[in-house]
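Lettering of chains follows the sequences in order, A, B, ..., and the numbering in each one begins at 1.
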Amino acid sequence: MTWSDSDKSTAVGAYALRLGDDALVLAHRMAEWIASAPELEEDVALANIGLDLLGQARMLLTYAGEVDGTGRSEDDLAYFRDEREFVNCQLVELPNGDFALTMARMLVFAAYQYELYDRLCSSSDETLAAVAAKAVKEVAYHRDHATRWVLRLGDGTAKSQQRMQAGLDTIWPYVAELFEADELVHGLVGGGIAVDPAELRDPTTDYLTTVIEQATLTVPDTSVWHTGGRRGIHTEALGYLLAEMQHLARTHPGAPW
Amino acid sequence: MTQSPGHDLSAEGGHGAVPTTGVPATSGRAVRDWPLWEVFVRARRGLSHGHVGSLHAPDAEMALRNARDVYTRRQEGVSIWVVPAAAISASSPDEKDAFFDPAGDKVYRHPTFYDVPDGVEHL
Amino acid sequence: MYGNDFTQQPIVEIAEDDADFQAILDADGRIEPRDAMPEAYRKNLIRQIAQHAHSEIIGMQPEGNWITRAPSLKRKAILMAKVQDEAGHGLYLYAAAETLGADRADLLDLLHTGRQKYSSIFNYPTLTWADMGAIGWLVDGAAIVNQVPLCRCSYGPYARAMVRVCKEESFHQRQGFEILHTLSHGTPAQKAMAQDAVDRWWWPSLMMFGPPDESSPNTERSMRWGIKRFSNDELRQRFVDMTVPQAQALDLTLPDPQLSWDAATGHWEYGAIDFTELFEVIKGNGPCNAQRMAHRRRAHEEGAWVREAALAYATKRDAEREAEPPAAVA
């Protein structure tokens with residue numbers, strides 16, 4: 001596919017927005033745990049992870065607003081888009097549930113992000129490559145953190161094993177969406193800019209299977225797959241999340257903070 | 001100004017007035033939690049590990065990771081050691097004299113014992 | 001901090017008026033873990049450090065409230081980092097208390113059952129975004145006035161923890177001031193929000209220093225032991241003198257019509273404080289006492305199965321390691 005420069009720029013912006021929205025929404029979910037974690041050390045750890053993700057989001061959103069031709073700032077994008085304009089995957093917007101569900105979702109998403117950023121380091125787009133180079137180290141740690149917990153909850157007590165399996169079962173229908181590709185992505189992959197999500201399926205699921213089995217759990221078996229996030233089709237949870245996140249900024253549009 | 005009956009309120013600690021009378025230091029019950037670990041960090045090459053504090057973790061793997069989160073948040077660490085607090089042996093304050101006095105009179109071990117003429121550098 | 005080896009040897013106890021002990025304190029020396037110390041000194045410190053730690057972790061709640069509603073990504077990140085710091089401070093302080101033979105789980109139990117307390121200031125609600133500014137500027141400002149002298153407190157681990165805390169705390173007050181400055185120079189609605197927050201937080205911040213304590217026996221002893229360095233009123237005055245000019249820089253007023261500069265004393269005189277409010281809040285009748293405790297207890301109870309699972313896992317792995325034959329040396 002040959003694009004004009006401005007079309008390509010717009011496409012890069014749209015791609016960065018997907019990565020940015022993923023990080024933004026998950027950062028918000030992680031922040032909800034602060035002052036409620038099972039142990040003080042975990043409050044610190046989850047805040048760290050949330051801050052890492054928020055940092056990724058800010059870089060990606062800022063870049064997206066620059067190159068997509070709209071000139072929007074990170075805050076314009078975060079606080080003044082409506083539900084249907086968000087292009088995060090549905091997995092990251094799911095409510096936190098209990099600690100097991102949170103760790104199940106972190107395991108899956110960090111494993112996916114690790115493979116993604118690892119490959120994105122070689123993007124022909126300098127900014128995306130730079131963001132990836134920093135982010136891959138962060139998500140390696142997130143993946144490790146989630147792994148430690150999935151092992152401990154899966155192979156801990158009978159109660160924790162049951163909850164951990166339930167957590168995996170709940171989020172599994174949202175996993176397939178991570179590996180979907182569309183015309184936008186295919187075009188950018190062709191230009192060496194983006195990473196083909198389909199390429200990430202095997203390494204990610206291999207990692208997940210290893211951890212899940214070591215945790216004495218079972219990889220969930222589901223024929224139900226939810227998708228649509230990249231097209232702005234979300235779960236009902238996102239509306240509530242955005243209402244809370246955006247209301248103050250929207251009440252005082254244009255005001256400095 | 002009279003104090004509230006039954007409360008000595010002092011601005012001790014961080015965020016201000018808390019009761020100081022009638023507040024127990026311990027409940028006397030045994031409550032099970034994650035074991036205690038001591039944390040040592042070497043902030044950069046050329047230094048040795050220093051004790052920075054302690055934390056609770058269920059095992060060594062988690063202790064290391066918690067230590068990284070709690071004690072090296074501002075990039076203050078190149079290398080981290082964690083040791084179960086129960087594994088540490090310490091000299092007793094009572095032993096101070098016999099333990100440490102013999103070193104006290106060997107002053108030639110201290111660099112300040114030696115006179116160095118002015119202008120001689122790198123000594 | 002040099003370890004928690006209380007299981008190995010008994011702690012040497014000495015009389016409260018032990019001359020050698022007092023000599024160390026009078027020379028501004030440091031008492032370290034497992035040094036001989038009066039039981040009352042040890043208990044006093046455990047209580048003080050524990051309640052200080054409890055205050056940090058309860059303090060995460062009023063500010064944590066606004067993380068999900070922070071109106072810009074930069075403010076969101078800063079607030080997350082600040083609240084995270086508070087968790088960290090709680091951890092450093094519990095660690096310091098444990099060097100005195102206390103156990104963190106025990107201290108938390110005392111908090112959860114209401115037998116140990118936390119600072120009353122956190123029993124006030126955070127009603128608007130501007131409260132984030134007011135807390136950073138006033139509450140953390142007052143805390144800094146309290147905490148800096150503690151960096152020289154007689155007990156080594158507590159003093160060292162405070163040095164660490166103070167270093168991290170320096171950005172907390174500044175970000176609060178900056179929030180208010182932005183608001184007071186923003187839209188009229190924002191300025192009104194800022195003024196409203198200051199109007200609500202000023203008097204409770206002054207009450208943080210406690211009532212005048214000249215008649216309190218505990219204060220005198222704490223000072224003799226190098227744990228408390230200045231009286232409640234001295235600290236409060238220091239805070240007022242520091243803060244009034246800052247309010248002027250913020251273009252906000254303080255809700256005290258009697259605030260006036262006294263050239264003779266070189267201090268800002270302020271109006272009489274009604275301490276009945278403080279006593280009520282300490283007693284448990286503040287706006288948020290029940291809510292703060294319920295939140296704290298709920299987090300702890302809901303986390304129990306997680307903590308137990310981690311211990312169960314560790315036990316299983318230990319058992320496996322015990323059962324393994326020793327590795328052959330090549």
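Interface remark: A:Leu46 contributes no atoms to any contact with chain C (heavy atom separation under 4.5 Å). Looking at C:Met193, the atoms closer than 4.5 Å to chain A (heavy atoms on both sides) all sit in the side chain, from C-beta outward. With a 4.5 angstrom heavy-atom cutoff, C:Arg104 touches chain A only via side-chain atoms. Using a 4.5 Å cut-off between heavy atoms, C:His295 contacts chain A through its side chain alone, with no backbone atom that close. Contact of A:Leu54 with chain C is made through the side chain alone, with heavy-atom distances under 4.5 Å. Residue contact with chain A, scored on non-hydrogen atoms closer than 4.5 Å, involves the backbone and the side chain of C:Leu73 alike. With a threshold of 4.5 angstrom between heavy atoms, A:Tyr79 approaches chain C through side-chain atoms but not through N, CA, C or O. Proximity to chain A is limited to the side chain of C:Arg307, based on heavy atoms less than 4.5 angstrom apart. For A:Asn48, the parts lying near chain C are the backbone and the side chain together; criterion is any non-hydrogen pair under 4.5 Å.
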CA sep, side-chain torsions, deciding dist, call: C:Leu108, C:Ile57, side-chain contact (heavy atoms from CB on, under 4.5 Å): CA-CA 10 Å; C:Leu108 284 171; C:Ile57 68 172; 3.9 Å; yes

Worked check of side-chain hydrogen bond (donor to acceptor under 3.5 Å, both in side chains) between A:Glu83 and A:His234: CA-CA 8 Å; A:Glu83 291 80 355; A:His234 292 282; over 6 Å; no

Worked verdict on C:Thr126 versus C:Asn65 for side-chain hydrogen bond (donor to acceptor under 3.5 Å, both in side chains): CA-CA 8 Å; C:Thr126 47; C:Asn65 278 342; 3.2 Å; yes

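The candidate from C:Leu91, C:Thr187, C:Ile67 with the greatest count of non-hydrogen atom pairs under 4.5 Å with chain A is C:Leu91. With chain C as the partner, the residue from A:Glu32, A:Glu42, A:Arg148, A:Arg163 showing the most heavy-atom pairs under 4.5 Å is A:Arg163. Note: C:Ala87 leads C:Gly64, C:Ala87, C:Gly90 in heavy-atom pairs under 4.5 Å with chain A. Considering only heavy-atom pairs separated by less than 4.5 Å from chain A, the leading option among C:Glu178, C:Gln61, C:Lys76 is C:Lys76. Per-residue heavy-atom pair counts under 4.5 Å with chain C were compared for A:Ala100, A:Ser73, A:Ala47, A:Pro38, and the maximum is reached by A:Pro38. Ranked by non-hydrogen atom pairs under 4.5 Å with chain A, the options C:Lys316, C:His185, C:Arg317 are led by C:Lys316. Annotation: maximal heavy-atom pairing with chain C below 4.5 Å, among A:Leu40, A:Asp43, A:Leu24, occurs at A:Leu40. In terms of non-hydrogen atom pairs under 4.5 Å with chain A, the most contact-rich of C:Glu308, C:His181, C:Lys74 is C:Lys74. The candidate from C:Gly303, C:Ala314, C:Ala309 with the greatest count of non-hydrogen atom pairs under 4.5 Å with chain A is C:Ala309.
Shown are A:Asp21, A:Asp75, A:Asp76; of these, the salt bridge (Lys or Arg N to Asp or Glu O under 4.0 Å) with A:Arg81 is made only by A:Asp21.
In this pair, C:Trp66 and C:Trp129 present their aromatic rings perpendicular. The plane angle is above 60°, beyond the 30 to 60° band. The aromatic rings of C:Tyr92 and C:His89 sit tilted, their planes meeting at an angle between 30° and 60°.
Within 6.0 Å of the CD atom in C:Glu320, the count of heavy atoms belonging to other residues, nucleotides or ligands exceeds 12.
If you check the side chains of C:Arg296 and C:His112, you find a donor sitting under 3.5 Å from an acceptor. Checking A:Arg105 against A:Asn96 by side-chain atom types alone, a donor-acceptor pair falls below 3.5 Å. Judged by distance alone, the side chains of C:Tyr94 and C:His54 do bring a donor and an acceptor atom under 3.5 Å apart.
By the 4.5 Å heavy-atom criterion applied to side chains, C:Ile46 and C:Leu107 are counted as neighbours.
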